[in-house]
Amino acid sequence: MIDIKFNYTNALNFVSEDTVQSYQQQIDNSFQSLYNKTGRGNDFLGWMDLPENTRDELIEKIEQLAETIRSKSEVFVVIGIGGSYLGSRAVIEALSHHFVQLKENDGPVVLYAGQNISEDYLSELLQILDKKDYCLAVISKSGTTTEPAIAFRILKNHLEKKYGKEESLQRITAVTDKEKGALKQLSNEEGYETFVVPDDVGGRYSVLTPVGLLPIAVAGFNIRELLEGARKMKNHLSGSTRIVTNPVSAYAAVRNALYTSGKTTEIMVNYEPRLFYFTEWWKQLYGESEGKEQKGIFPAGVGFTTDLHSMGQYIQDGLRNIFETVISVEKPGSTLTVPHDSNNLDKLNYIAGKPMSEVNHQAEIGTTLAHIDGGVPNLKIEIPEINAGILGQLIYFFEMACAVSGYVLGVNPFDQPGVEAYKKNMFALLGKPGFEKETKAIRKGLS
Ligand code: PA5
């Protein structure tokens with residue numbers, strides 16, 4: 001039994017049930033291509049089997065290292081970008097306290113680096129690390145990505161100055177390719193503890209490899225439950241591919257139907273701020289997988305009710321090319337009620353005694369209805385609560401739906417050729433050897 005319900009009733013004013021069902025053959029073909037490994041990008045399907053193929057020895061090794069890191073650090077720095085950090089951050093932030101990442105004496109606070117090239121960001125991180133005991137993981141599948149490479153160079157220097165060469169070696173873990181890339185070569189030379197990103201798992205599908213599992217374990221969360229959740233979802237999806245019974249089929253069909261009808265932007269909505277980075281992870285997964293060959297739904301994200309006071313106007317009244325997918329949490333685990341006030345100057349006594357979660361829930365229903373009235377189809381993913389197992393289910397659900405949707409759209413959901421364009425220009429502008437031709441072209445373009 002899975003804990004996720006997918007409901008698209010509130011999209012049926014915009015696309016008919018017949019139209020949604022007309023995708024069944026394409027959905028079946030997409031599942032077939034994935035299961036038989038015959039579709040585009042079929043050498044990157046290793047993520048499909050991670051829930052059951054992740055060996056116990058690997059899990060134990062991650063857990064043991066996580067314990068060691070937890071025992072000797074106040075801060076754990078995760079260096080990575082894109083798929084090499086968004087998955088772990090999504091899970092860690094979804095499971096952490098909003099204000100104190102972890103309780104006192106309960107392991108390190110996880111901080112992130114290498115996901116930008118901001119000097120201010122890294123300088124301020126170094127100020128914190130001056131005063132804290134810390135360990136770091138440098139995560140890069142290719143081992144050659146500029147942003148994490150710069151951050152690692154700077155943090156490695158800092159670590160060596162602070163602890164000396166010998167001790168700093170014990171505080172660095174590398175997660176990278178099994179043989180290729182500069183990071184692998186450096187790890188071999190220095191003797192860092194190393195984990196492998198499997199060849200057949202792309203960055204944005206890698207959260208259930210050591211890329212995500214190590215930081216999540218260091219943060220103190222149960223990676224076995226996460227994997228078990230993914231396993232449950234995999235088993236559930238491996239039955240029928242019918243749109244009526246399979247939530248991945250239904251989500252993939254309805255979002256493609258909406259896209260074809262002109263709804264070219266999908267907004268992922270949450271009502272729980274702890275899901276902010278889950279939305280960021282989802283945006284990368286869908287944006288990099290589908291946005292190519294001049295096609296693809298643009299994935300956006302909002303957190304309500306916060307963003308109802310910034311983006312609400314646009315969603316209600318702006319260009320009608322959007323639809324929403326809401327992650328609706330049934331029981332956020334709060335029992336905080338609105339207090340009675342004898343003066344009632346704020347006129348809130350009509351909700352006195354109600355749990356805040358109920359107020360939030362009614363805000364969700366009211367917003368959904370308003371948006372449907374305003375021409376915004378609404379898809380709903382209901383979960384009973386946020387825990388590691390349910391996050392595992394959600395991760396596998398969205399990965400599978402992304403692959404199926406991408407095949408229905410007719411693209412390769414496992415490559416990202418467009419990401420190279422900015423790099424080429426940046427390398428040329430910075431004078432990287434080998435980019436002389438591009439430098440000339442850019443200079444001409446700029447003049
Ligand atoms: O999904 C992807 O492949 C990318 O977003 C990568 O994760 C990202 O570019 C980081 O790459 P790497 O892990 O090689 O440093």
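Keep in mind it's a predicted model, so treat the numbers as computed, not measured. Atoms within each ligand, like the ligands themselves, are counted from 1 in listed order.
- Among protein heavy atoms, atom 11 (O) of ligand 1 sits closest to T145 OG1, 3.5 Å.
- The protein does not reach atom 9 (O) of ligand 1 closely, with no heavy atom under 4.0 angstrom from it.
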Quiz item: Going through the checks in order, is the salt bridge (Lys or Arg N to Asp or Glu O under 4.0 Å) test met by K178 and D199?
Solution: CA-CA 8 Å; K178 68 175 185 312; D199 283 344; 2.6 Å; yes
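- Atom 5 (O) of ligand 1 has as its closest protein heavy atom Q284 NE2, 2.5 Å.
- The closest approach between any non-hydrogen atom of E147 and ligand 1 is not below 4.0 Å.
- Closest to atom 3 (O) of ligand 1 among all protein heavy atoms lies G203 N, 3.5 Å.
- For the pair I383 and D3, the minimum side-chain heavy-atom distance is 4.5 Å or more.
- Near S84, meaning under 4.0 Å from any of its heavy atoms, are these atoms of ligand 1: 7 (O), 12 (P), 13 (O).
- A donor-acceptor pair is defined here as one N or O able to donate and one able to accept, closer than 3.5 Å; such a pair exists between the side chain of Q284 and the backbone of G83.
- Counting heavy atoms from C-beta outward, L379 and L258 have side chains that approach closer than 4.5 Å.
- Atoms of ligand 1 found under 4.0 Å from any heavy atom of S142, numbered from 1 in the order shown, are 12 (P), 14 (O), 15 (O).
- A perpendicular orientation is assigned to the rings of W282 and F398, their planes being inclined by more than 60° (bins at 30° and 60°).
- Here atom 4 (C) of ligand 1 lies nearest to E288 when heavy atoms of R204, E288, E420 are compared.
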Quiz item: Step by step, would you call Y205 with S289 a side-chain hydrogen bond (donor to acceptor under 3.5 Å, both in side chains)?
Solution: CA-CA 10 Å; Y205 292 84; S289 298; 3.3 Å; yes
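- Aromatic pair Y251/F397: centroids less than 6.0 angstrom apart.
- Within the listing of ligand 1, atoms 3 (O) sit less than 4.0 angstrom from a heavy atom of Q416.
- Near S140, meaning under 4.0 Å from any of its heavy atoms, are these atoms of ligand 1: 12 (P), 13 (O), 14 (O), 15 (O).
- Judged purely by atom type and a 3.5 angstrom limit, E74 uses its side chain to pair as donor or acceptor with the backbone of D133.
- Numbered from 1 in the order shown, with element, the atoms of ligand 1 that lie under 4.0 Å from a heavy atom of G83 read 5 (O), 6 (C), 7 (O).
- For ligand 1 and I81, the ligand atoms under 4.0 Å from any heavy atom of the residue are 7 (O), 8 (C), 10 (C).
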